[in-house]
Amino acid sequence: MTAPVSAGSPTGSIYDLGYRGYEGPRLGRGYAVRSLFSHSLRSTYGLGRGTRAKIAPFALAVLACGPSLGILVVLVFAARFGEQVSDVLGANLPGYDGMWSSTSAFVTLFCGAQAPELFGRDQRHGTLSLYFARALRRTDYTLARIFGFVTALVILQLLPQLILFVGRVLLSPDIVGAFGRDLPSFPAILGQAVLVGLLYGGVSMTIAAYTPRRAYAVAGIVAVFVIPGIVAAVITGLGSSAIGDWLVLISPSSVLDGTNAVLFGVPLNPDFPFAQRPDIAYFAAAGIGIVGSLVICLRRFLTISV
Amino acid sequence: MTVPTFAPLPSADAPAGAPTAPIVLERVSRWYGPVVAVNDITFALGPGITGLLGPNGAGKTTILHMLSGLLRPSSGRVLIGGETAWRNPSIYRGMGLVPEREAVYPFLTGREFVEMAAQLQRLPDPKAAADVAIKTVDLEAAANRAVGGYSKGMRQRVKIAAALVHDPPILLLDEPFNGMDPRQRIHMMDLLRSMAAAGRTILFSSHILEEVERIADGVLVIVAGRLAAAGDFREIRRLMTDRPHTFVVRSSDDRRLAAAFMAEPAVFGTELRDSVLTVRVAEFGGFTRTVARVARDADVTLFEVAPTDDSLESVFAYLVSRR
Amino acid sequence: MTIFATVTAITIRALVGRRRTLLMLLLAGMPVLLGLIIRVNEDNLGLRILGQTIDGIVIRTVLPLIALVFGTAALGSELEDGTGVHLLTKPINRSVIVVSKALVAGTLTAVLVVPSTVLGGFLMGGLGGDAIGVTFAFALASLIGSFLYAAIFLVLSSITTRGLIIGLAYAIIWEGLVAGLLPGSQVFSVREYLTGIVQTLTPEAVGESLVGTGGFLYAAVAFVLALAIGSVRLARYEVRGAE
């Protein structure tokens with residue numbers, strides 16, 4: 001069969017389908033970075049990604065609010081029965097300082113569940129090259145994603161605190177007084193939330209960046225957050241020893257326990273193995289962890305070949 | 001490169017459409033929530049090569065997945081060799097599937113992969129069968145290298161070898177010529193043709209019209225989940241009567257011939273451009289009967305008369321644009 | 001039987017990759033590392049503390065994590081990336097696939113965890129008669145736990161791509177928190193089975209266990225149940241819709 005002869009010219013033609021070049025102003029790098037940041041934040045909670053993606057983060061967020069919801073319920077009942085909120089609070093209910101220990105397991109799981117989603121998928125499906133071919137620099141991509149995740153973690157921390165605040169302040173008969181009583185805790189609340197977000201976020205994102213396969217990333221994140229804590233606790237629980245006391249500082253969860261205690265001015269539980277360390281040590285360790293993980297993560301994306 | 005001939009299958013002459021036809025779809029639909037991927041499709045296939053043609057997203061892969069027992073039809077019946085395909089591992093004895101996705105265990109060598117397939121098919125002599133299959137797809141040279149280092153075309157061929165190793169009467173292939181260079185493609189087409197000639201039922205999906213045109217005995221055109229047309233594509237073209245046919249004519253005096261054509265009532269129009277005479281007619285058969293007479297009456301010698309849009313492409317474009 | 005052997009061989013080769021093995025070795029080395037640190041700083045641990053320590057680092061952490069990685073890689077990852085299709089489109093029983101993969105994953109987990117438990121236990125508790133008893137009791141528990149956890153995570157991974165997180169949530173939340181709060185739920189906790197097993201052998205090393213000797217039975221039942229569920233699930237497996 002002869003090749004069909006076209007009615008056009010023997011050589012090919014290109015038809016104008018309406019494609020036009022764009023010469024106008026472009027939104028630029030800052031806009032790209034902000035967009036990626038907000039996209040990372042939203043997709044950590046599964047927003048904009050379909051129902052299935054929302055299950056894990058929402059479930060974990062609800063669980064994380066569990067303890068403070070429980071306290072809220074108790075306080076509501078107490079108020080109904082006419083007792084003073086302050087009396088009930090005096091009776092040993094956890095305050096803002098107790099939130100970290102009640103929710104740390106859920107935060108760990110949240111990191112394990114969502115950090116691999118943010119960094120793993122781009123590498124697995126090869127979309128990384130698409131990002132790097134835009135106005136974004138590689139550092140922009142890395143930092144925008146990380147800080148999106150960190151912000152998500154901060155929100156995760158602040159939600160239970162907010163619920164607790166509702167219980168402690170808004171339910172008490174003397175709102176202004178209660179507000180004044182709780183106000184000094186605000187910087188500590190915010191500070192701890194930010195530290196947790198930065199340290200846990202930075203470390204888990206770094207692990208996720210290096211292990212695109214979800215199984216290893218999850219296992220790695222959980223291992224890093226859980227195992228050093230156990231190791232350190234066991235060692236120092238056996239009795240003070242030179243290595244053990246400083247060993248605790250390699251455990252992110254222990255470091256954050258320490259910063260929590262310092263920020264809220266609450267003495268560490270005497271059973272807590274690390275009560276001997278100077279306050280500054282925890283913050284220094286946290287700082288090193290945060291900066292170190294960011295540097296390592298940046299290095300990953302600066303040298304990765306797409 | 002000779003293609004091995006296949007022994008004909010024992011009872012491969014059941015007419016298509018009979019309940020015992022090798023591949024049968026009866027009013028099969030598949031939906032995902034509100035999205036209907038495959039919409040009330042019915043066909044039966046017998047021995048020979050059939051091309052499953054359609055734009056991306058039309059439902060070709062969904063149909064192949066349902067045929068291979070990897071997806072449950074939301075309604076209707078899918079029968080392979082007379083048995084339901086879903087939840088019925090025994091159909092794989094008589095069926096080979098070449099999936100589109102590239103994934104093959106990268107650490108195995110090509111030979112090991114085909115041997116594994118042979119072992120899992122419970123063949124009495126897996127090594128020998130694997131040898132034959134590898135020779136058939138012309139992969140002997142690379143058979144002892146790890147699949148992870150294969151090119152795309154080689155990976156396709158090793159998957160085909162694994163699907164052939166148990167000599168199945170039914171073969172399903174999803175975009176099989178993806179990534180093959182022209183020589184490999186010709187070889188594969190010859191292979192499929194010889195398998196079909198021996199009585200096997202082969203169904204392959206493609207969106208490359210030239211491939212389907214070249215080896216398929218019949219086509220199934222899927223558009224947006226529905227069966228838009230089925231059968232020999234030239235016949236389908238004949239059925240598209242509401243569209244004028246176009247012929248290209250070469251003759252000793254194009255202009256005089258063009259004037260003579262315009263006098264015929266069946267001719268819509270002629271066009272003479274760059275010494276090419278194109279004639280548009282209302283009906284295919286009528287024109288072919290009258291063209292010789294018209295030329296003789298006008299005292300013009302005809303050198304060539306060829307339908308230009310009898311190709312699968314025009315059929316396809318027509319069917320797709322109708323939706 | 002050859003089908004079984006083929007699937008087993010393929011699974012072993014798929015799981016024992018260089019990078020994965022190294023990472024898992026690292027994880028399995030934690031109890032030994034801990035043992036070394038304790039050995040350097042302390043004398044032999046008391047039985048009770050020995051039990052708590054091994055329980056903490058092995059049963060609660062290293063064991064489930066390694067079983068998670070191997071269990072998920074054995075089936076779930078293959079289904080996810082499409083290599084599993086080659087196994088599914090063969091005339092073999094789905095239960096053969098599930099059982100052989102579970103056994104491989106369990107064995108690989110045990111190969112890493114059990115020696116690590118033994119070595120770590122020796123380092124922490126010394127070689128005295130009672131301490132050895134505790135160490136071996138935990139070694140047995142981790143052996144049984146390897147297969148049980150691997151089977152559970154394997155089945156989980158075949159049901160959902162979120163199998164990992166659910167598995168971890170199970171290990172951390174369910175077994176950690178709920179089982180502590182609601183004693184009745186301990187019947188559904190693998191950790192409790194294992195604790196019960198240890199308690200039968202060396203009661204001094206662990207605390208109260210609701211499950212007790214029943215741990216053996218519960219573990220066996222759970223293992224068989226997991227494999228059964230997995231087989232049914234695989235028989236009904238559908239590829240993810242791409243279009």
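Every chain is numbered from 1 and lettered A, B, ... according to where its sequence line falls, protein lines coming before strand lines. Only this structure's heavy atoms are used, side chains among them; waters, hydrogens and symmetry mates stay out.
- In this structure, chain A has heavy atoms under 4.5 Å from both the backbone and the side chain of C:Ile57.
- Counting all heavy atoms, side chain and backbone alike, C:Ala169 lies closest to A:Leu109 at CA-CD1, 3.8 Å.
- If you measure heavy-atom distances from C:Gln52 to chain A, you find no contacts under 4.5 Å at all.
- With A:Ile227 as the fixed residue, the side-chain contact (heavy atoms from CB on, under 4.5 Å) test singles out one of C:Leu33, C:Leu34, C:Val62: C:Val62.
- Contact detail for C:Leu27 and A:Ala223: the closest heavy-atom pair is CD2-CB, 3.8 Å.
- In A:Arg299, the CZ atom is not crowded: 12 or fewer heavy atoms of neighbouring residues, nucleotides or ligands sit closer than 6.0 Å.
- A 6.0 Å sphere centred on CZ of A:Arg49 holds more than 12 heavy atoms belonging to other residues, nucleotides or ligands.
- Note: C:Glu80 CD to A:Arg213 CZ = 8.5 Å, rounded to the nearest 0.5 Å.
- One finds the CG atom of C:Leu68 at 11.5 Å from the OH atom of A:Tyr216 (value rounded to the nearest 0.5 Å).
- For a residue to count as touching a neighbouring chain, one of its non-hydrogen atoms must lie under 4.5 Å from one of that chain's; by this rule A:Leu63 touches chain C with the side chain only.
- With a threshold of 4.5 angstrom between heavy atoms, A:Ala113 approaches chain C through its backbone and through its side chain.
- Both the backbone and the side chain of A:Arg214 come within contact range of chain C, each with at least one heavy atom under 4.5 Å from a heavy atom of that chain.
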